[in-house]
Every structure is written in C-alpha cells, then in structure tokens.
2 protein chains.
Amino acid sequence: MKKMKKRSDCPISCSLDIWGDKWSLLIIRDLMFSKKCRYTDLLKSAEGIATNILATRLQALEENKIIEKSDDPESKSKGYYKLTQKGIDLLPILIEIHLWSEKYFPIPEDIKTILIEVKKDKAGFINKAIEELAND
Amino acid sequence: MKKMKKRSDCPISCSLDIWGDKWSLLIIRDLMFSKKCRYTDLLKSAEGIATNILATRLQALEENKIIEKSDDPESKSKGYYKLTQKGIDLLPILIEIHLWSEKYFPIPEDIKTILIEVKKDKAGFINKAIEELAND
DNA sequence: CATCTTACTTGCATTTTGCAAGTAATATAT
DNA sequence: ATATATTACTTGCAAAATGCAAGTAAGATG
C-alpha cells in the first residue's frame, strides 16, 4: 500500500492525509457506534462500499494505528477489527460532525435523540463513551 | 459541476459528501484562520493545490453554501471568498481535529500555543471565534 | 465430502486528480 | 497610449484512485 505523502506540517492536513477521504470516517463510525467489527459487517453498511476499497482503507487505517485486526479465538476464518485508542480519540470529531449536520440537514430521529443527551453535557457524554469504547 | 450523490441519511456520510476530500477542509481552514480570501492567496497555501482542483472545490463549496464569492468594490478584477455561517459553524470540527492531531503528531509551536488557550475554555474560545468570524 | 461463509484479490472501465499551458478581463508602468 | 503584469480562472492530457464484477483460498457447516 502506497502511503499518502505528507503535504505539510498543518495538523488539519496531516489528519486528512490519514482519514480524509470519502470512506475512512464511515468505517470508523461503524466500528465506533454500530460495533460492526467483521469485514462482512462493514461491507453491509448503508453506503455500499466496494470490497476492494474497504480492503485498502482497512489496511491504511491499520498502518496508521487507527484500527487493529484481531483473530477470533472461536474461529480461524473469522477476524475482527477494532479501534485503537488513537481511533477512539476521533470520537469528539465525529460528535461535532453530527452536531453540524443536525443544524444544516434533516437527520434520522434516533440520532437526534442521542444528540439531545450530547448537548446536555458534551464533555461528560464524550468521556463516558470513550471509556466504554476502551473497555471492549 | 456534477454533484456528489447522497449515499445515505447518515449525518457523517452527508457531511463527507460535501467536504470529505483531501482539499475542502484546507480551503475552509485558510478562510477561517489565515483570512486568505482571494483565489491566488488560496493557491499559495503550503500544500500546493492545483489551480483546476481549487476552482472545482470552490464551486462545490459555494453550491453547498459553505462559502460565498463577493466582488471587491475597489477593483473589478479582484474577488474574494468568505465563509457563510454554515461554513463558520465548521469551526468546532476543525478545533477537534487540531486537538486530536496534537495528541498524536508533532505540530507547529504557534498552533500549540493557541491550543493551550482552547483547552482552558473550549466553549468560550469557540463562541468568541465564531462571533469574530461572523463580523467580517 | 460437498457446499457455504469469510476475507479478501484481480482485472478492467470510469472517474478524479495533478500538472502544465493557455486565456480573458482588468490593472499598472512607461 | 501602449506594453507588461496580475487575477481568476479554463483546457488538455497523463497518472492515480475508485467502482464494479468476478474469482479465490482457507476454514466452517450440513
């Protein structure tokens, strides 16, 4: 897998070099909120990612230590992906994207309900969620 | 300009459909933090965007009401771009990307200094910055 | 032991990106 | 007044990334 060359020292630019494409944050979203962790689960997500794109994105995210692949102890044919701490720490970014979206687009009701909780105590929500994610 | 088709109702996905590429957030960063507002200023940014890519991204951001183009009253050959409220409201996302970057990469000292202020009172910093941006 | 599932890989067409050069409408200098 | 420069792009083309369909290999299931 060819690495994206670092374009500058800007923190936004460095971040985008890693996950600044149309698919990476959706994969991270699935691992974070849906607990989808197997390759086939990720393939089934609403947006319909192509299998070769999924494979290359997973590899890039793994190389950048955002996710890690583990073997399923029950079955040798199954593996699963999970977020590293570096990946879990993207949660505040995903939350802010949700809040921005809510302001400017119609969004699903179930997500709206969760965002009401977020807005009551953003820092508290994030800390709790990060802790839960770290305990998996 | 061909529109990115909406892939799903997910707020993350809808957001990425608009600004989820390697360049859009860098343009928004420049308009937000450097007050670079002319076409040639944006072209000169550290990452070296190609002129045709800049033109298509600006058009897409304008169509999506993230930025708007105005004429310079002093000069007919000069125009400038500025963020709309919708664009200004991306600030919390950019701030969280900065904070994530700071945790995982070496980042420039001047930005670190600003992030110290951000961490003292995140909500306060964001409110003040949004207000200032809206008054331009 | 045959079929199914999982996790991919490969090949190829289409789309997007990147680079270089070109252009048209002002603006500035001589 | 004319020549040069600047601004804000557009165009053409090569290279890279994406998307789609089909294939594959190892392990699980009936």
Side-chain angles (χ1 to χ4, degrees), chain A residues 1-8 13 16-27 30-31 34-64 67-82, chain B residues 1-8 13 16-27 30-31 34-64 67-82:
Chain A
M1 175 68 180
K2 202 189 324 171
K3 258 186 190 162
M4 175 79 191
K5 193 183 108 201
K6 193 181 172 190
R7 293 174 295 174
S8 78
S13 172
L16 294 178
D17 287 345
I18 294 180
W19 47 258
D21 64 280
K22 289 253 183 282
W23 294 108
S24 293
L25 280 185
L26 297 182
I27 296 168
D30 285 343
L31 296 176
S34 310
K35 303 287 160 53
K36 288 178 179 176
C37 51
R38 276 173 298 128
Y39 189 88
T40 38
D41 294 328
L42 293 168
L43 261 189
K44 281 172 207 152
S45 277
E47 292 83 12
I49 190 170
T51 173
N52 54 340
I53 308 291
L54 178 58
T56 57
R57 288 279 89 83
L58 287 171
Q59 206 178 328
L61 289 171
E62 208 185 345
E63 277 168 17
N64 285 298
I67 64 172
E68 58 192 10
K69 200 192 332 187
S70 312
D71 296 329
D72 189 323
E74 304 286 300
S75 161
K76 276 183 189 168
S77 75
K78 291 180 181 175
Y80 58 93
Y81 291 93
K82 58 181 293 205
Chain B
M1 175 71 181
K2 201 189 326 172
K3 258 187 188 160
M4 174 81 191
K5 194 183 108 201
K6 193 181 172 189
R7 293 174 293 175
S8 79
S13 171
L16 294 178
D17 287 344
I18 294 180
W19 47 258
D21 65 280
K22 289 254 183 284
W23 294 107
S24 293
L25 280 184
L26 297 182
I27 295 168
D30 285 345
L31 295 177
S34 311
K35 302 286 159 54
K36 288 177 179 174
C37 51
R38 277 174 299 129
Y39 190 89
T40 39
D41 294 328
L42 293 167
L43 260 189
K44 282 173 204 150
S45 277
E47 293 83 12
I49 190 169
T51 173
N52 55 340
I53 308 291
L54 178 57
T56 57
R57 288 281 90 83
L58 286 171
Q59 207 180 325
L61 289 172
E62 209 185 344
E63 278 168 16
N64 286 298
I67 64 174
E68 57 193 9
K69 200 192 331 187
S70 312
D71 295 329
D72 189 324
E74 304 286 299
S75 161
K76 277 185 188 166
S77 78
K78 289 181 184 174
Y80 58 93
Y81 291 94
K82 57 180 296 205

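Every chain is numbered from 1 and lettered A, B, ... according to where its sequence line falls, protein lines coming before strand lines. From a predicted model like this one, the values you see are computed outputs, not experimental measurements.
- Using modelled atom types, one side-chain atom of Tyr39(A) and one backbone atom of Thr51(A) make a donor-acceptor pair closer than 3.5 Å.
- When distances are taken from the side chain of Ala55(B) to each of dT7(D), dT10(D), dT17(C), the shortest belongs to dT10(D).
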Under 3.5 Å, which N/O atoms of the protein pair with N/O atoms of nucleotides 25-30 of chain C?
from    : atom 1 : to       : atom 2 : distance (Å)
dA27(C) : OP1    : Ser75(B) : OG     : 3.0
dA27(C) : OP1    : Lys76(B) : N      : 2.7

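- As a whole-Å value, the separation of Ile27(A) CD1 from dC8(C) P is 12 Å.
- Contact annotation: Lys69(B) side-chain N/O to dC9(D) OP1/OP2 distance is under 4.0 Å.
- Using a 4.5 Å heavy-atom cutoff, the side chains of Lys82(B) and Cys37(B) are not in contact.
- Separating the CD1 atom of Ile49(B) from the P atom of dT16(C) is a distance of 16 Å, rounded to the nearest angstrom.
- The distance from atom CG of Leu43(A) to atom P of dC20(D) is 13 Å, rounded to the nearest whole Å.
- Between Asp71(A) atom CG and dC8(C) atom P there is a gap of 10 Å when expressed in whole angstrom units.
- Distance, Ile53(B) CD1 to dT15(C) P: 16 Å, rounded to whole Å.
- Taking atom CD1 of Ile67(B) as the reference point, atom P of dA8(D) lies 13 Å away to the nearest angstrom.
- Residue Tyr39(A) has its side chain nearest to dA7(C) when only dG19(D), dA8(D), dA7(C) are considered.
- In this structure the side chain of Leu26(A) never reaches within 4.5 angstrom of the side chain of Ile49(A), judged on heavy atoms.
- Closest approach of Ile27(B) to Leu61(B), counting heavy atoms only: CG2-CD1, 4.2 Å.
- Across all their heavy atoms, Ile53(A) and Thr56(A) have their closest contact at O-OG1, 3.0 Å.
- Comparing Asp21(A) and Asp41(B) by the nucleotide of DNA chain D that holds the closest heavy atom to each, the one mapping nearer the 5' end is Asp41(B).
- In this structure, Arg7(A) contributes its side chain and Lys22(B) its backbone to a donor-acceptor pair below 3.5 Å.
- Between the NZ atom of Lys22(A) and the P atom of dT15(C) there is a distance of 16 Å, rounded to whole Å.
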Provide a list of protein-nucleic acid N or O atom pairs under 3.5 angstrom, restricted to nucleotides 19-23 of chain C.
from    : atom 1 : to       : atom 2 : distance (Å)
dC19(C) : N4     : Asn52(B) : OD1    : 3.3
dC19(C) : N4     : Asn52(B) : ND2    : 2.4

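- With sequence neighbours excluded, no residue forms a salt bridge (Lys or Arg N to Asp or Glu O under 4.0 Å) with Asp71(A).
- In this structure, the nucleotide among dG19(D), dT9(C), dG18(C) sitting nearest to the side chain of Trp23(A) is dG19(D).
- Within 4.0 Å (heavy atoms only), Tyr81(A) reaches sugar-phosphate atoms of the nucleic acid but no base atom.
- Within the model, atoms CG of Leu58(B) and OH of Tyr81(B) stand 4.5 Å from one another, a figure rounded to the nearest 0.5 Å.
- Contact annotation: the side chain of Arg57(B) approaches that of Ser24(B) to within less than 4.5 Å [non-hydrogen atoms, C-beta and beyond].
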Next item on the list: Please test Asp30(B) against Asp41(B) for side-chain contact (heavy atoms from CB on, under 4.5 Å), starting from the C-alpha separation and ending with a verdict.
Entry: CA-CA 9 Å; Asp30(B) 285 345; Asp41(B) 294 328; over 6 Å; no
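- Here the C1' atom of nucleotide dA8(D) and the CZ atom of Arg38(B) are 11 Å apart, to the nearest Å.
- Between Arg57(A) and the phosphate of dT18(D), there is a side-chain N or O to OP1/OP2 separation shorter than 4.0 Å.
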